[in-house]
Amino acid sequence: LLDKPIQQPLFIKIMEKNLKSHGTWIGKWTFVLAATGSAVGLGNIWGFPYKAGDEGGGAFVLIYFLCILLIGLPIMVSEILIGRRSGTSPINAMKIAAIESNRSSAWQLVGWTGIIAGVLILSFYSVIAGLCLNYIFISAASSGVIEAQTQFENATQSWQGLLFWHSVFMILTLLVVSAGIKNGIERMVKILMPMLGFLLVFMVMYAMLNGAVNKALSFLFSPDFSKVNTDTFLSALGQAFFSLSLGMGSIMAYGAYMPKEQNIGSTSVSVASLDTLVAILAGLAIFPILFSFYDGFSIDETLVQLKENGLGPGIVFVSLASAFNDMQYGQLIGPIFFILLSVAALSSSISILEPGVAFLSEERILSRKKSAIVISALSWIIGIGSVLSFNLWSDVKIIGDNNFLDSMDLIAVKNLQPLGGMLIAIFIGWFMKESLIKDELGSINPIVYKIWRFFIKLVAPIGVGCILISQLF
């Protein structure tokens with residue numbers, strides 16, 4: 001089906017279809033800021049630093065860099081290339097690229113999987129991000145009398161409170177996207193990303209001056225190759241893929257607004273570099289504070305404590321919150337950190353919502369504002385299940401032993417997202433006309449192009465396929 005040649009009358013019909021234009025980014029760095037904002041999310045901030053330290057330190061970081069370079073970057077270039085060629089949403093971008101390459105328009109299904117994944121991801125992402133918003137006020141008011149674990153339980157056991165903050169965050173996302181490319185997303189990323197950078201640098205400086213810096217540096221960067229195994233490679237590969245927001249249409253949608261004169265390769269390198277820099281700085285902001293709080297414990301003993309409090313969100317909402325409760329100026333530093341997390345979450349969520357909104361509005365099915373409302377409402381409704389997963393439905397299993405939130409994560413992040421990334425790599429590597437690819441990439445070093453073609457045809461599909469298989473079994 002996907003390799004079936006398209007009939008000429010349908011080609012003409014699709015190409016002549018009057019799709020509504022979205023406009024382009026103003027300035028070279030706008031796309032870089034927007035795409036970096038998309039890539040830098042909550043999982044990047046609390047996921048990368050812990051995995052780096054626990055799975056080999058500098059050895060993991062080195063493997064992660066290689067995965068970014070060999071698999072993440074080639075797919076990112078591919079997504080931007082497809083998006084910019086058509087200037088449309090991922091669904092239409094894949095359809096047009098397929099038709100121009102004399103392939104079946106069924107390739108648009110790749111765009112559909114991305115949008116479905118985005119709706120599901122936004123549904124639970126908004127719940128966690130809403131919790132970050134709530135913690136700005138919880139950490140500001142905390143006197144240390146109530147333990148962080150109890151604070152977290154109080155915050156999550158109230159479904160009404162979780163639903164309120166879930167709603168607040170979804171409305172913020174909706175307002176930004178509904179305002180359009182120039183007046184909404186572009187204007188907001190130019191505010192959010194410098195704010196994210198400033199807050200992150202401030203947190204790193206504070207952690208360096210007041211935390212256990214040597215322990216943190218050893219934890220994050222001292223290479224321990226004895227911890228490196230097959231799982232380490234899969235973990236680094238997965239972190240590299242997911243941290244760049246690949247496979248769900250966000251980068252492709254943003255690529256559609258990139259000016260034609262902007263170089264795709266160098267821009268992709270800038271985005272990947274900034275994303276990785278933020279992840280490393282997040283580790284330097286978080287772990288000196290944590291190791292200082294667990295003073296007297298060895299690094300391995302501290303890891304045991306962190307695992308008891310729960311990894312991922314547990315590191316932030318329990319372990320780090322405990323440190324803020326105990327430290328001097330914790331009522332100031334805590335809120336600043338959770339503002340940082342909220343900013344990172346919002347810059348990601350607007351990119352998750354955009355592909356679906358772009359499709360509905362360019363097809364003139366609904367106006368941009370109504371499109372944003374409809375898709376946000378759909379994600380909000382699905383998100384109610386994730387809200388209840390913390391309390392009333394905590395024992396309700398949907399897929400296997402997974403509650404509702406974890407089931408949404410299983411479907412969208414662990415299956416649809418890598419499936420989308422793998423299919424994009426296969427399409428670019430094996431099905432899209434090479435003349436179209438070269439036309440969009442512009443002047444590029446022939447050796448660099450051949451290397452990219454090799455990785456996008458063979459290495460990237462196999463690598464992302466390994467991620468997909470590892471998530472399933």
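Atom set for the values below is all heavy atoms of this structure, side chains included, hydrogens, waters and symmetry mates excluded. Along the sequence shown, residues are numbered consecutively beginning with 1. Predicted model, so just to flag it, every value in this text is computed and none were measured.
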Does the ring centre of [Y] sit less than 6.0 Å away from the ring centre of [X]?
| X | Y | result |
| --- | --- | --- |
| Phe317 | Tyr135 | yes |
| Trp112 | Phe359 | yes |
| Tyr254 | Phe31 | no |

Atom [atom1] in [X], atom [atom2] in [Y]: separation rounded to 0.5 Å?
| X | Y | atom1 | atom2 | answer |
| --- | --- | --- | --- | --- |
| Ile411 | Ile121 | CD1 | CD1 | 11.0 Å |
| Phe404 | Ile382 | CZ | CD1 | 6.5 Å |
| Leu290 | Lys215 | CG | NZ | 11.0 Å |
| Ser268 | Met258 | OG | CE | 6.0 Å |
| Ser379 | Leu353 | OG | CG | 7.0 Å |
| Ile68 | Ile75 | CD1 | CD1 | 10.5 Å |

Check the side chains of [Y] and [X] for a donor-acceptor pair under 3.5 angstrom, ignoring hydrogens and angles.
| X | Y | value |
| --- | --- | --- |
| Ser245 | Ser38 | yes |
| Ser167 | Trp380 | yes |
| Asn92 | Glu362 | yes |

**Asked** Going through the distances and angles, do Leu284 and Leu217 end up as a side chain to side chain contact (heavy atoms under 4.5 Å, CB included)?
**Response** CA-CA 8 Å; Leu284 294 175; Leu217 291 174; 3.7 Å; yes
Would you check if [X] and [Y] make a side-chain contact, meaning some heavy-atom pair closer than 4.5 Å?
| X | Y | answer |
| --- | --- | --- |
| Ser78 | Trp452 | yes |
| Phe337 | Leu199 | no |
| Val189 | Ser347 | no |
| Val61 | Leu220 | no |
| Cys132 | Leu42 | yes |
| Ser376 | Thr173 | no |
| Ile424 | Met252 | yes |
| Leu133 | Ile339 | no |

**Prompt:** Is Lys227 atom NZ crowded by more than 12 heavy atoms from other residues, nucleotides or ligands, each under 6.0 Å away?
**Reply:**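 Above 12, so yes.
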**Request:** Please say whether more than 12 non-hydrogen atoms of neighbouring residues, nucleotides or ligands are located less than 6.0 Å from CZ in Phe455.
**Result:**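 Buried by this count: over 12 neighbours within 6.0 Å.
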**Request:** Run the numbers on Thr232 and Asn229 for side chain to side chain donor-acceptor pair (under 3.5 Å), then give the verdict.
**Result:** CA-CA 5 Å; Thr232 309; Asn229 52 36; 3.2 Å; yes
Is it the case that the side chain of [X] and the backbone of [Y] share a donor-acceptor pair, with hydrogens and angles ignored and the cut-off at 3.5 Å?
| X | Y | value |
| --- | --- | --- |
| Glu153 | Thr150 | no |
| Trp393 | Gly385 | no |
| Glu363 | Leu360 | no |
| Ser126 | Leu122 | no |
| Ser104 | Ala106 | yes |
| Ser250 | Ser351 | yes |
| Ser222 | Phe219 | no |
| Ser158 | Asn154 | no |
| Thr36 | Leu33 | no |

Considering all heavy atoms, the nearest [X]-[Y] contact:
| X | Y | value |
| --- | --- | --- |
| Val387 | Leu163 | CG1-N, 4.0 Å |
| Leu410 | Asn415 | O-ND2, 2.6 Å |
| Ile45 | Ile286 | O-CD1, 3.7 Å |
| Ser342 | Phe338 | OG-O, 2.8 Å |
| Ala117 | Leu416 | CB-CB, 3.8 Å |
| Val40 | Ser348 | O-OG, 3.0 Å |

**Asked** Can Gln239 and Asn44 be said to form a side chain to side chain contact (heavy atoms under 4.5 Å, CB included), step by step?
**Response** CA-CA 8 Å; Gln239 185 66 32; Asn44 205 25; 3.7 Å; yes
**Request:** Give the intermediate values and the outcome of side chain to side chain donor-acceptor pair (under 3.5 Å) for residues Thr30 and Tyr257.
**Result:** CA-CA 10 Å; Thr30 307; Tyr257 316 138; over 6 Å; no
**Request:** Just do the side chain to side chain contact (heavy atoms under 4.5 Å, CB included) check on Met432 and Leu81 with the steps written out, would you?
**Result:** CA-CA 11 Å; Met432 190 170 178; Leu81 184 155; 3.8 Å; yes
**Message:** Between Gln151 and Asn325, does the side chain to side chain contact (heavy atoms under 4.5 Å, CB included) criterion hold? Intermediate values first, please.
**Reply:** CA-CA 11 Å; Gln151 286 178 331; Asn325 286 346; 3.3 Å; yes
**Request:** Measure up the Phe431 and Phe427 rings against each other and bin them: parallel (under 30°), tilted (30 to 60°), perpendicular (over 60°).
**Result:**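 Rings of Phe431 and Phe427: parallel, under 30°.
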**Ring geometry between Phe48 and Phe60 (parallel below 30°, tilted from 30 to 60°, perpendicular above 60°)** =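 Tilted.
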**Asked** Are Glu354 and Arg368 ion-paired here, with the side-chain N under 4.0 Å from a carboxylate O?
**Response**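 Result for this pair is yes, salt bridge flagged.
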**Request:** Output yes when Glu440 and Arg85 qualify as a salt bridge under the 4.0 Å nitrogen-oxygen rule, no when they do not.
**Result:**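 Yes, this pair counts.
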**Item:** Trp107 six-ring face occupied by Lys95 cation (under 6.0 Å, within 45°)
**Value:** no
**Request:** Quick one: do Phe137 and Trp165 satisfy ring-ring contact (aromatic ring centres under 6.0 Å, His included)? Show the steps, please.
**Result:** CA-CA 12 Å; Phe137 303 97; Trp165 289 107; 5.7 Å; yes
